[in-house]
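Numbers restart at 1 for each chain; the letters A, B, ... are given by sequence-line order, proteins then strands. FYI, side chains are in, hydrogens and waters are out, and symmetry mates aren't considered; it's all heavy atoms of this structure.
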Amino acid sequence: MSVKTRFAPSPTGYLHIGGVRTALFNWLYARHHGGTYVLRIEDTDQERSTEEAIQVILDGLAWLQLDADEGPFFQTHRYDRYREAIARLLEQGDAYHCYCTREELEAMRAAQLAAKQKPRYDGRCRNRTEPREGVEPVIRFRNPDEGSVVFEDHVRGRIRIANSELDDLVLMRSDGHPTYNFSVVIDDMDMAMSLVIRGEDHINNTPRQINIYRALGAEPPEYAHVPLIMGPDGARLSKRHGAVSVLHYRQAGFLPEALLNYLVRLGWSHGDQEIFSVDEMIELFDIGDVNKSASTFDIEKLTWLNQHYIKNADPERLVPELLWQLEHMGVTADAERDLEGIVRSLQERSTTMLEMAQGAQFFFHDFDSYHEKAAKQHLRPVVLEPMRKVRAELAALDEWNAGSVHEVINGVANALELKLGKVAQPIRVAVSGGPVSPPIDQTLALLGRDKTLERIDSAIAFIEARAAAQAG
RNA sequence: GCUCCCUUCGUCUAGUGGCCUAGGACGUCGGCCUCUCACGCCGAAAACAGGGGUUCGAGUCCCCUAGGGAGCGCCA
């Protein structure tokens, strides 16, 4: 049987980290085995599915380059097929109309809960032959009463659930929309899935779905239920912590390769290896090596990986990412800037691309004011002399590059018998506005002579003005 | 409440009966380097949930307890 997997999100909320990891595992498994990976949108909940959510799913997966071989398929386009399957089950007696009202069902559940029983449909409509006036019926599956369902889960091993624990689930709503547990079976069957990789929250649905396959005379796919990802507080990932849209991570400056690397190591490992390129993941990933226990989302480690990938990336690769961030900050990067040079100077001091963009701002536009503490500390009258000297020598330089700039600054420090920091730091504040920047020679080289001299002049004027104000 | 699933440092994990006085990574804490911030380097603290078995020997196998998670919808 050929390998085929799918990722089947429902567009009722954001595509979050947990969903992305499920998609990644399915994608890796298919790629590893040279199989097919399909994307299917489970949009049978008309109430809550939104176009916006669909777009976020598509954009998120595209950003991560988790490309599907088939799809996206939409369940709402397959209603004829579901109706056909329902007709068959009805005819076989494996499904029946249920005329219970929502109120009745609620009362039933309340009573069961009060009696400390597991709330479940009691099958009261199983043998009803007459319709009920004014009630649009749902169609329920007639679950087997006896025996149990056993399946071999690829991550958990054998799982057995007694049919007596299962009730007659709704296959078709009264408004004609199929429910998840039904459409998922029909689709996985029609699309010939070989392995269903999904979250652990679906374990309890699996036996019901297997019963439906059997009633339809089909062999169910194999299953792999991967552990859930928890938030820092140990509870399932939710809106409160990491369950924001994956696109949020893009905005926050994370690289797709870092996010994927982080996610693949959540629940899966290959010895002590921490860094995996996508090709390595494909080569080494095995669903059987996935852990059974839930793991906690740790932004610190993701950040470390992101830093690692930024640090080791080809500068050219990072230029578009930097531009993207700058654009979102409303900063226009003029073309004559040495963008690769800027990236190179910031690579090993940025943990995210957002941070890099922030650190690069002063290369692209003047700042309104100095970092207060830095100015107080470094833009003082004592630095006027070295600053003027540096300014004069820089202005006289034949060649403007990191090497020549370096010589000037070092030379001035030596001539004045000052430590390098006493000269470099005031200039850093003068040109960048704050206390942090790449090495001063690189910074000035990248900034260019005109801007450098201009900002040093401004700083000198600033110091003089402040001194005058204090004296007066 | 019932059913199912899970349990190694704070976190992600290695470990498949002896190689474990439990290894790696993130984070944390010290130190070195240094023009800032970083990078890098060196070092430290830090875990087998508890209790019973099985075995010559248990982190590794079995049972119980505790803790955590999930499911129990005309949501997916």
Q: Among side-chain atoms of A:Y180 and A:N205, is any donor-acceptor pair under 3.5 angstrom?
A: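 Judged by distance alone, the side chains do not pair up.
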Q: Distance alone, cut at 3.5 Å: any donor-acceptor contact between the side chains of A:N401 and A:S404?
A: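 Distance-only check passes for A:N401 and A:S404.
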Q: Return yes if a side-chain donor-acceptor contact under 3.5 Å exists between A:N181 and A:Q209, otherwise no.
A: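 Present: a donor and an acceptor within the cut-off.
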Q: Does A:S295 place a side-chain N or O at less than 4.0 Å from the phosphate oxygens OP1/OP2 of B:U13?
A: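 Yes, such a contact exists.
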Q: With no hydrogens and no angle check, do the side chains of A:T443 and A:S437 hold a donor and an acceptor under 3.5 Å apart?
A: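 Per modelled atom types, A:T443 and A:S437 side chains form a pair under 3.5 Å.
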Q: What is the pairing partner of B:C74, taking Watson-Crick or G-U wobble pairs with both distances under 3.5 Å in any strand?
A: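 No nucleotide pairs with B:C74.
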Q: Just by protein heavy atoms under 4.0 Å, how would nucleotides 20-25 of chain B read 5' to 3' in B, S and -?
A: ---BBB
Q: Check ring pair (Phe, Tyr, Trp, His ring centres under 6.0 Å) between A:F25 and all other residues, then give those that pass, not counting sequence neighbours.
A: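 If we apply the ring pair (Phe, Tyr, Trp, His ring centres under 6.0 Å) test to A:F25, skipping adjacent residues, the hits are A:F285.
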Q: Does a side-chain N or O of A:S293 approach OP1 or OP2 of B:G69 to a distance below 4.0 Å, or not?
A: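 So the side-chain polar atoms of A:S293 never come under 4.0 Å of the phosphate oxygens OP1 or OP2 of B:G69.
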Q: Is the phosphate of B:C2 approached by A:Q112 (side-chain N or O, under 4.0 Å from OP1 or OP2)?
A: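 Indeed not, no polar side-chain atom of A:Q112 lies that close.
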Q: So, is A:K118 near the phosphate of B:G71, with a side-chain N or O under 4.0 Å from OP1 or OP2?
A: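 A:K118 to B:G71 OP1/OP2: no side-chain N or O under 4.0 Å.
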Q: In the structure shown, which nucleotide is the Watson-Crick or G-U wobble counterpart of B:U60, with both distances under 3.5 Å?
A: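 Check on B:U60: unpaired, no WC or wobble geometry under 3.5 Å.
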Q: If you check the A:R156 side chain, which of B:C5, B:A76, B:U36 turns out closest?
A: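 The answer is B:C5.
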Q: Can you tell me the pairing partner of B:U7 across any strand shown, Watson-Crick or G-U wobble, with both distances under 3.5 angstrom?
A: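 Answer to the pairing question: B:A66, which forms a Watson-Crick or G-U pair with B:U7.
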Q: Which base, if any, makes a Watson-Crick or G-U wobble pair with B:U36, both distances under 3.5 Å?
A: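 The answer is none; no pair meets the criterion.
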Q: Distance only, no hydrogens: is a donor on one side chain within 3.5 Å (strictly under) of an acceptor on the other, for A:H378 and A:Y370?
A: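 Checked: A:H378/A:Y370 side chains show no N/O donor-acceptor pair below 3.5 Å.
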Q: Looking only at side-chain N and O atoms, does A:R198 offer a donor or acceptor that is under 3.5 Å from a partner on A:T206?
A: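 Note: A:T206 and A:R198 side chains meet the donor-acceptor criterion.
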Q: Is there a Watson-Crick or G-U wobble partner for B:C19 with both distances under 3.5 Å, and which nucleotide is it?
A: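 Check on B:C19: unpaired, no WC or wobble geometry under 3.5 Å.
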Q: Tell me the partner of B:U28, counting only Watson-Crick (N1-N3 plus N6-O4 or O6-N4) or G-U wobble (N1-O2 and O6-N3) with both under 3.5 Å; none if nothing fits.
A: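 WC or wobble partner is B:A44.
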